[in-house]
K.L.:
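Sending over a structure as structure tokens; questions will come in a sec.
Just follow the structure's listing: the first ligand is 1, and inside any ligand the first atom is 1. Heavy atoms only: backbone and side chains are in, while hydrogens, waters and symmetry mates are out. Only a predicted model underlies this, so the values are computations on that prediction, with no experimental measurement involved.
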Amino acid sequence: EAAARAELARLAPLLARANIAYHGEDAPEISDAEYDALKRRNAAIEARFPHLKRSDSPSDRVGAAPVDAFGKIRHAVRMLSLSNAFEADDVVDFDRSIRSYLNLGADDPLAYTAEPKIDGLSLSLRYENGALVHAATRGDGETGENVTANARTIDEIPTRLDDAPEILEVRGEVYMSHADFEALNARQAEKGQKTFANPRNAAAGSLRQLDAAITKARPLRFFAYAWGELSAPLADTQMQAIERLGALGFSINPLTRLCESLDDLIAHYREIEAQRATLGYDIDGVVYKVNDLGLQQRLGFRSTTPRWAIAHKFPAELAWTR
Ligand SMILES: NC(=O)n1nc(-c2ccco2)nc1N
């Protein structure tokens, strides 16, 4: 017990600093895999000794507090992170927990979508009557940074939509391709300016610029995969909603698939993993979501993650090796 208390006391500041570096200065000190492992360790101790959970526990935090330099935007619908699955057994547990929550039998049909988990930074885009009114980073999940001028410079982010619901918040990932990342670092080095550790940091550092002209000069991409506030439903299922976002003009990841069974999910995970090295951009897993939006509604959210989705991560790559 005393050892557990001491370990939690050691982990809290370590994870807090790693969190700021990862989300704040866009230059992490420890790898994602180490960060994930420390968070798992912390959660395991808290599960074993619930009364020892600290008030500054990293388990309750999503993302990082927005920095003041940007204006702040309060998300109408919280932007959450995803719980992680590392082994196939975690995926079986995920499906089982959903079936028990919904009183579904083991053999009742339950479809999921499987989408590549883009390793970039989350962005929320608010459209009113088809016009982009603001763009915000995730921040701490409740409040993000206003990066509207920056988002407008990204080609794959439409500033006007036809046939959209009056209020439509689209969520997705801003990312940079490997080729664009290498070329940017070469230009940065030539100019004697800082180079980036990996494409995610390059994307975050390029989007979170107070001078949008700098963002405009950076090769940023965007995949849409979720939504926030809606004045009318996009569709009845996750798959149809994604297709509707595509029809509205957003880039949708072509590896997104509807899976009718767990075996389909795992098969598609392996399919995406097999293509990982040739995609030309970083992914760090596959996101499974319950396809029926009525069931998603019933499943709802835990404190920081949806019950209806999980991120099935790939084994960590030893270092950023490309
Ligand atoms: N990062 C990423 O690619 N994500 N993240 C979600 C997500 C997070 C919460 C709801 O959906 N979905 C995908 N494809």
K.L.:
Run the ring-centre check on Tyr269 versus Phe314 and record whether the distance is less than 6.0 Å.
P.N.:
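Under 6.0 Å, so yes.
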K.L.:
Without hydrogens or angle criteria, can the side chains of Ser251 and Glu156 be said to hold a donor-acceptor pair below 3.5 Å?
P.N.:
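Yes, a side-chain donor-acceptor pair sits under 3.5 Å.
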K.L.:
Does Met79 reach ligand 1, in the sense of a heavy atom lying below 4.0 Å from it?
P.N.:
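No; Met79 lies far enough from ligand 1 that no heavy-atom distance drops under 4.0 Å.
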K.L.:
What about the rings of Phe250 and Tyr127, do their centers lie closer together than 6.0 Å?
P.N.:
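Yes, the ring of Phe250 comes within the 6.0 Å limit of the ring of Tyr127, centre to centre.
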K.L.:
Is any N or O atom of Lys289, backbone or side chain, closer than 3.5 Å to an N or O atom of ligand 1?
P.N.:
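Checking ligand 1 against Lys289, an N or O pair does fall under 3.5 Å apart.
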K.L.:
Please work out whether any backbone atom (N, CA, C, O) or any side-chain heavy atom from C-beta onward of Glu115 is under 4.0 Å from ligand 1, and answer side chain, backbone, both or neither.
P.N.:
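It is the side chain that touches ligand 1; the backbone stays farther off.
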K.L.:
Decide whether Asn150 and Thr215 meet the rule of one side-chain donor and one side-chain acceptor closer than 3.5 Å.
P.N.:
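There is such a pair (donor and acceptor under 3.5 Å, judged by atom type) between the side chains of Asn150 and Thr215.
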K.L.:
With distance as the sole criterion, is a donor-acceptor pair present between the side chains of Tyr112 and Asp264 under 3.5 Å?
P.N.:
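Not at all, the side chains of Tyr112 and Asp264 share no donor-acceptor pair under 3.5 Å.
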K.L.:
Considering only protein heavy atoms, which is closest to atom 2 (C) of ligand 1, and at what distance to one decimal place?
P.N.:
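Its nearest protein heavy-atom neighbour is Tyr225 CE2, 3.4 Å.
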K.L.:
Answer with side chain, backbone, both or neither: which part of Leu82 has a heavy atom less than 4.0 angstrom from an atom of ligand 1?
P.N.:
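Leu82 to ligand 1: side-chain contact only, backbone stays beyond 4.0 Å.
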K.L.:
Measure from the ring center of Tyr288 to the ring center of His312 and say whether it is less than 6.0 Å.
P.N.:
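Centroid distance Tyr288-His312: below 6.0 Å, so yes.
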K.L.:
For Pro116, state whether at least one heavy atom is located under 4.0 Å from any atom of ligand 1.
P.N.:
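Yes, Pro116 has heavy atoms under 4.0 Å from ligand 1.
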K.L.:
Lys117 heavy atoms, cut-off 4.0 Å: which ligand 1 atoms fall inside?
P.N.:
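Matching atoms, with element in brackets: 1 (N), 2 (C), 3 (O).
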K.L.:
Can you find an N or O of Ile118 that's nearer than 3.5 Å to an N or O of ligand 1?
P.N.:
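There is such a contact, yes.
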